[in-house]
Structure formats: C-alpha cells, structure tokens
Undergrad: 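Take a look at this one; I'll ask things after.
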Amino acid sequence: MNMEHQKMSNIEQAREDKLRAIKQMGIDPYGGRYEIAEASAEVKARYKDNEEGQKARCAGRIVLLRDIGKLIFITLRDSSGTIQIGLSKSLLEAQWKFMKLLEAGDIIGAAGQLGKTKTGEITIWADEVVLLSKSMLPPPEKWHGLADIDLRYRQRYVDLWANPEVMERFKKRAAILRTIREFLTGRGFMEVETPMMQTIAGGAAAKPFITHHNTLDLDLFLRIAPELFLKRLLVGGMEKVFEINRNFRNEGLSTRHNPEFTMLELYEAYADYNVMMDLTEELICLLVDKYCTGGKVQFGEMAVDFERPWRRAIYAQLLKEYGGCDIENIQSVRAKATELGIEHKNMDDAVVINGVFEATVEKNLIKPTFVKDYPAALCPLTKRKKDRPGIAERFELYIAGMELANAYTELNDPAVQEENFRLQLKGQHETMAKMDEDFVTALKYGMPPAGGLGIGIDRLIMILTGATSIRDVVLFPLLKPAKP
RNA sequence: AGGAGUGUAGCUCAGGUGGUAGAGCAACGCACUUUUAAUGCGUAGGUCCUGGGUUCGAAUCCCAGCACUCCUACCA
C-alpha cells in the first residue's frame, strides 16, 4: 500500500466504520422511497405559533450537525432551503446508537412534531429518522463551502449543495428560460428542434467540431448554428418558430466563451429587423423586471441600467464616435487599425473595419445598445437596405460590453444568397467550407420575408444574475481532464 | 497561442531574508437535553502539484512540465 492510499483510508476510515456499524444494525444505508416529504420552505411557511399537533416530514442532506449529548440538532438542506431537525434521546431511545452515527453529508428523511426552540428556530422534533444515503466522503468546510474554483466546476454536485447561491443561480436560469418560452409561445411562436449533427456546418463563420457516423461512414459536424434549418421551416410554412438549444464552436475558451453554449434563435415571417429590435427589447426588459431588482444589474465593475428606450445606433456612427474614423474613407480606418496595432495588410476592407469596430466600440457599450446597419460584406445571410446595397439590415445588441444578440432582416433572394455563399467560400481556407446548395434550393421555392434573431442565452443569464464568467451559468463547463 | 497569478492536512487558509510544517473547520476520544459556524478538554492527520537543478540544508531560490484563474489573441 502506497502513502497516498494510506492517507485516503485514514481520512475515510471513520465513514467506513460507521457504514459497517449501520449495516450490522440491520439498517440499509442507501434507503429507498421516502413518501410525502414536504419542501422545507413550505414547512417553515405554514408553521403557526401556539398551535398544537403540527407535523412535518422532510428529506434532505445533513449540512450541519450539532451534537449536545442527549440532543442532536441537524441542519437539513433540500432543494427549497434548510430546516432544523431536532433529535432527542427521549424520543428516539431505541434508535439512539444509530442517531449518534449520523454525520454531515448523509441524506436522511425525518418526520415528527413541529415546534420552536428557545431561540425561535422552527424545528422538526423527529420521532422517525430514516437513512436514505450514507455519505462516504467528507463534505467541504462548513463556513467557506467549496471555494476552489477548479473543484467547484469539476465537482458541481458538491458545489450545488455546499454553496446555496450556486443552486439559486441555476434555479434562476431555469426560471428565466421558462419565462422566455412563455413569452414566445404567448406570441404565437412554435418551439422546434433542428439537427445538431449536420453535413454542412452553416449559418455562422466558426470552426466546427467533427464527428463520424459509422454505419453511413459519414463525417458530420456538430452545428455552429441552427439558422439554415430554421429558415427552411419558414419555407415550409411555419411562420413563427424558435429553438433554444446548444451550438458548438471549436474555438478558444474564455469567461465569455464555452465551446458548447445555448442559443435562442427565432424567425418571424413578414417581419424585419426593426420588429426583432422591439421584440428583443421587450423580452429582455420583461426578464429584468422579473428577475432583477430596480431595473438595474451590477456586472463586475459595471452598473447596467436597462431604462427604455434603448439606444439604436448606426454602426458607422459608432465607428466615428469611438474609433474616430470614417467608414466611407477606408484610408482613415486602416490608419486607425495601424494605430491600434491591428494587422490589416492584404485583408478585406470590411474585415479591417470590423476589427477596428471591435477594438474601439464594443467595450464602451455598457447600457443596452442596438448597433445596426452593418457593412453588407460582413453579412452573407442578410437582406440589404433597398436604397443602400452596401449596408445590411442587421443589428447586434451589446450589454456590458458584451455581444448578446444578433439579428437581421433575412435574405430571401436565392440568387443573391448563392452569390454570397460563393464569395464567402472564396475567402475561406477552411477545407470544411461547403456550399449549402439545398438551402439555396429552399429559397428558390420561396421564403417569406422575415426577421430573425439570435440571443446567447448563457450570456443573457450572466447579465441577469451578475455572473462575470460563463462557467458560473453553465452547470458543467468544459475543462481539461484532471491530472492522470 | 502570449502575458500575469495560483497550487501547503479531507476543506478554508497562514508560512519576511533557505534551517525538523502551522491554524480553524472536518475526523477520532471524553463531557454536555434547546444548539445555530454549539462549546470545553485531549488525540491523530503532510509526496508542501510533478520532475530536475543550486546548496551542508529547499514549501521557500533556479529550470522544465501539469492543472486552474484572470488578461490578451482567436471568435460574422
């Protein structure tokens, strides 16, 4: 036996011993169904002072345990909160030896009279205690919880019960998603699911993950966007559709990027990007009203005010305002790029413009700001302005310096679409880049004019919960495997 | 990919200039029938991330590696 093994067994020996003792008493340490357990929060809410005969029945994990000799106080945590369980030797005489073996981390069910202690804590004075799962590993430190960030992500199952605010954040995430679905279905949108595995990774310019189907001997891409499939549904006659699902992009990780992330995309026939702007503002303001106090959010150092109406600014104007260069004068833009140290030789004008925009404008857009009317060269799937073919009817929404949404008036001219694809492919060195001919075919059958919108759900949750890292709003963020 | 930081007991963290490794919680033992991070007394617990190097001597200094965090880069 090596040293490491010795150490482990010393630490966990006590729990092993207790498990053995419990089994010797004829008790199943892993329990079974525990019926009619009530949420601890509900028990506390319905408790009335000075009323005899109130009973309660709860199940959860022991997070704190105070042994006073013939009396044991347990802080029991379930998904709704915590409640105190009082174990008294006089009430549990026959089981007392077993009671003394309970420890932090164990999952138990307890039932008995409700009452208050001297200090006013609502307490279930148990006359029944059932062990539902023996915990074989020591829980984290009780004051600080689990603080090691790496461990928190790797062992989220511990993080969730050791750090209640983590559970709260993910409950909020679930509630927000419910509200989004209610908002959209209430407006006549239908939720659909489109392929995650695609033979052509389209709808965005990102590096895809590759996988393989054995029976068909076919390489497939995990989707980088659902866009081209959702627009096929417009062709099919679905007029208002949305999908909330994962996208996968084979790119770097950061506090704002996880390789798999949740995206809301929606399409509305006969609408355009102005309709999408209104919709976006209404949806997010509804969420802010519902889930953030005072219509404001503290995001790191930034205080974000959602007061309406939100600014709707022209791309070129912002470039002038923050970048100090004129989009019509490409020399001034390239000069700025040089000044900023951005590599721009042999690069398309539009790409250089976008580089300068991202470097100068984005970080300044703290309050919700719609940036609209992008250079058409950056927007192959977008309809151009009727009077200005160089400008695309597209907007991006920025909040707290972060890109949160992207929307446009959808291009429905198959000839222009095909040409855009062709131009896009020319500039691309990626071998996986392929023309989605079937999408062009779909457009040839006729797609209604439409507005389309994508909202990065993880980033939205970050803003609404004040989490500055995407890993704090994704239950299991991608990490490198731990040491061998 | 580049820069900065972190890695010490199961957990949370201390360990100026190199000299036998520290605390709190958790664990174990004893006491305690109204505790709230219970308390008091006692015991035990270490590959100081890994591998090299300098040195009489390294948790500490140097080099390389691993993991994580933050920033930058990549990211329609």
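Residue numbering restarts at 1 for every chain, and letters A, B, ... go by the order of the sequence lines.
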Undergrad: For this output row, return yes or no: ring centroids of A:Y408 and A:Y273 closer than 6.0 angstrom.
TA: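 Centroid distance A:Y408-A:Y273: not below 6.0 Å, so no.
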
Undergrad: Reckon A:R152 touches a base, only the sugar-phosphate, or nothing at all at heavy-atom distances under 4.0 Å?
TA: nothing

Undergrad: Between B:U33, B:U34, B:U12, which one does the side chain of A:L146 approach most closely?
TA: B:U12

Undergrad: Measure from the side-chain heavy atoms of A:E141 and tell me the nearest of B:U33, B:C11, B:U34.
TA: B:C11

Undergrad: Which residues pass the side-chain contact (heavy atoms from CB on, under 4.5 Å) test with A:A400, sequence neighbours left out?
TA: A:F299, A:M302, A:V304, A:I463

Undergrad: Within the structure shown, what part of the strands sits under 4.0 Å from A:K18 by heavy-atom distance: base, sugar-phosphate, or nothing?
TA: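 Sugar-phosphate: the residue A:K18, judged by heavy atoms under 4.0 Å, touches backbone atoms but no base.
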
Undergrad: Given B:C70, B:C74, B:C28, identify the nucleotide with an atom nearest to the side chain of A:A14.
TA: B:C28

Undergrad: Using the side-chain heavy atoms of A:A147, tell me which of these nucleotides is nearest: B:C25, B:C32, B:U12.
TA: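 Among the listed nucleotides, the one closest to the side chain of A:A147 is B:U12.
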
Undergrad: What nucleic acid atoms does A:R249 come within less than 4.0 Å of, heavy atoms only: base, sugar-phosphate, or nothing?
TA: nothing

Undergrad: Rounded to whole angstrom units, what separation is found between the CE atom of A:M99 and the P atom of B:C32?
TA: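 Computing the A:M99:CE to B:C32:P distance gives 19 Å.
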
Undergrad: side-chain contact (heavy atoms from CB on, under 4.5 Å) with A:Q198: which residues, sequence neighbours excluded?
TA: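 So A:Q198 forms a side-chain contact (heavy atoms from CB on, under 4.5 Å) with A:P195, A:R223, A:F229.
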
Undergrad: Under 3.5 Å, is there any donor-acceptor pair linking the side chain of A:E121 to the base of B:U35?
TA: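 No.
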
Undergrad: Name all residues meeting the salt bridge (Lys or Arg N to Asp or Glu O under 4.0 Å) criterion together with A:E260; count only those two or more places apart in sequence or in a different chain, and write none if there are none.
TA: A:R246

Undergrad: Just the rounded figure in Å: distance from P of B:U33 to CD of A:Q113.
TA: 22 Å

Undergrad: Which nucleotide sits closest to the side chain of A:R256: B:C11, B:U72, B:C32?
TA: B:U72

Undergrad: Taking a pair as Watson-Crick or G-U wobble with both distances under 3.5 Å, which nucleotide is matched to B:G10?
TA: B:C25

Undergrad: Of the nucleotides B:G10, B:U33, B:U34, which has the atom closest to the A:K70 side chain?
TA: B:U33

Undergrad: Whole angstroms only, please: what is the CD-C1' distance between A:E103 and B:C25?
TA: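 Checked: the CD to C1' distance equals 15 Å.
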
Undergrad: Heavy atoms only, 4.0 Å cut-off, all strands: where does A:T75 land among base, sugar-phosphate and nothing?
TA: nothing

Undergrad: If we take the P atom in both B:A21 and B:G40, what is their distance in whole Å?
TA: 28 Å

Undergrad: Could I get the full list of ring-ring contact (aromatic ring centres under 6.0 Å, His included) partners for A:F395, not counting sequence neighbours?
TA: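 A:F395 satisfies ring-ring contact (aromatic ring centres under 6.0 Å, His included) with A:F370 once adjacent residues are dropped.
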
Undergrad: Base, sugar-phosphate, or nothing: which does A:W96 touch, judged by heavy atoms less than 4.0 Å apart?
TA: nothing

Undergrad: So A:P139, base contact, sugar-phosphate only, or nothing? Heavy-atom distance under 4.0 Å.
TA: nothing

Undergrad: Side chain of A:I149 only, heavy atoms from C-beta on: which candidate in B:U69, B:U35, B:C11 is closest?
TA: B:U69

Undergrad: Using a 4.0 Å heavy-atom cut-off across all strands, classify A:G86 as base, sugar-phosphate, or nothing.
TA: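 Touches nothing.
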
Undergrad: Please work out if A:N354 contacts a base, only the sugar-phosphate, or nothing of the nucleic acid, heavy-atom cut-off 4.0 Å.
TA: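 No contact at all - A:N354 keeps every heavy atom at 4.0 Å or more from the nucleic acid.
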
Undergrad: Sticking with atom C1', work out how far B:U17 lies from B:A23, rounded to a whole angstrom.
TA: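 Looking at atom C1' only, B:U17 and B:A23 are 24 Å apart.
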
Undergrad: Decide if the gap between the ring center of A:F73 and the ring center of A:W125 is smaller than 6.0 angstrom.
TA: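 Under 6.0 Å, so yes.
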
Undergrad: Output the rounded distance in Å from CG (A:L64) to P (B:U39).
TA: 11 Å

Undergrad: Where along residues 390-419 of chain A does a heavy atom fall under 4.0 Å from RNA chain B?
TA: A:R394, A:E396

Undergrad: Would you indicate what A:I72 reaches in the nucleic acid, counting non-hydrogen atoms under 4.0 angstrom: base, sugar-phosphate, or nothing?
TA: nothing

Undergrad: Just name whichever nucleotide pairs with B:C70, Watson-Crick or G-U, keeping both distances under 3.5 Å, else none.
TA: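 Paired with B:G3.
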
Undergrad: A:D106 CG to B:A26 C1': how many Å, rounded?
TA: 14 Å

Undergrad: In whole angstroms, how far is the C1' atom of B:A38 from the CG atom of A:L87?
TA: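 Distance check: A:L87 CG to B:A38 C1' gives 15 Å.
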
Undergrad: Among B:A67, B:U35, B:U12, which nucleotide sits nearest the side chain of A:R66?
TA: B:U35

Undergrad: Using whole Å, report how far CG of A:D472 lies from P of B:U69.
TA: 10 Å

Undergrad: Let me spell it out: for each of A:L479 and A:L253, pick the nucleotide of RNA chain B with the closest heavy atom. Which residue's pick is nearer the 5' end?
TA: A:L479

Undergrad: Is B:U47 paired to anything, Watson-Crick or G-U wobble with both distances less than 3.5 Å, and if yes, which nucleotide?
TA: none

Undergrad: Go through the structure and list residues passing side-chain contact (heavy atoms from CB on, under 4.5 Å) with A:E121, not counting sequence neighbours.
TA: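 side-chain contact (heavy atoms from CB on, under 4.5 Å) check on A:E121 returns A:Q84, A:T117, A:T123.
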
Undergrad: Check the angle between the aromatic planes of A:F248 and A:F209 and answer parallel, tilted or perpendicular using the 30° and 60° thresholds.
TA: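 Perpendicular.
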
Undergrad: Round to the nearest Å and state the distance from A:D148 atom CG to B:U6 atom C1'.
TA: 10 Å

Undergrad: So which nucleotide from B:C13, B:C75, B:C68 ends up closest to the side chain of A:D150?
TA: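 Closest nucleotide among those given: B:C68.
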
Undergrad: Can you confirm whether more than 12 heavy atoms, excluding those of A:R46, are under 6.0 Å from its CZ atom?
TA: yes

Undergrad: Taking atom C1' in both B:G24 and B:A67, compute the distance separating them and give it to the nearest angstrom.
TA: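 Going atom to atom, C1' in each nucleotide, I get 27 Å.
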
Undergrad: Within the 4.0 Å heavy-atom criterion, would you say A:Y374 contacts the bases, only the backbone, or no part of the nucleic acid?
TA: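 It contacts nothing in the nucleic acid.
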
Undergrad: Can you identify which nucleotide, out of B:C25, B:U69, B:C32, has its nearest atom closest to the A:R471 side chain?
TA: B:U69

Undergrad: Quick one: closest heavy-atom pair of A:P139 and A:W161, and the distance?
TA: CB-CH2, 3.5 Å

Undergrad: Under 4.0 Å, heavy atoms only, any strand: does A:T255 hit a base, just the sugar-phosphate, or nothing?
TA: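 Since only primed, P, OP1 and OP2 atoms lie under 4.0 Å of A:T255, the category is sugar-phosphate.
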
Undergrad: Select base, sugar-phosphate, or nothing to describe what A:K142 touches, counting heavy atoms under 4.0 Å on all strands.
TA: sugar-phosphate

Undergrad: Could you report the tightest heavy-atom contact between A:A59 and A:L76, atom names first, then the distance?
TA: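 Distance-wise, the nearest heavy atoms are C-CD2, 3.9 Å.
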
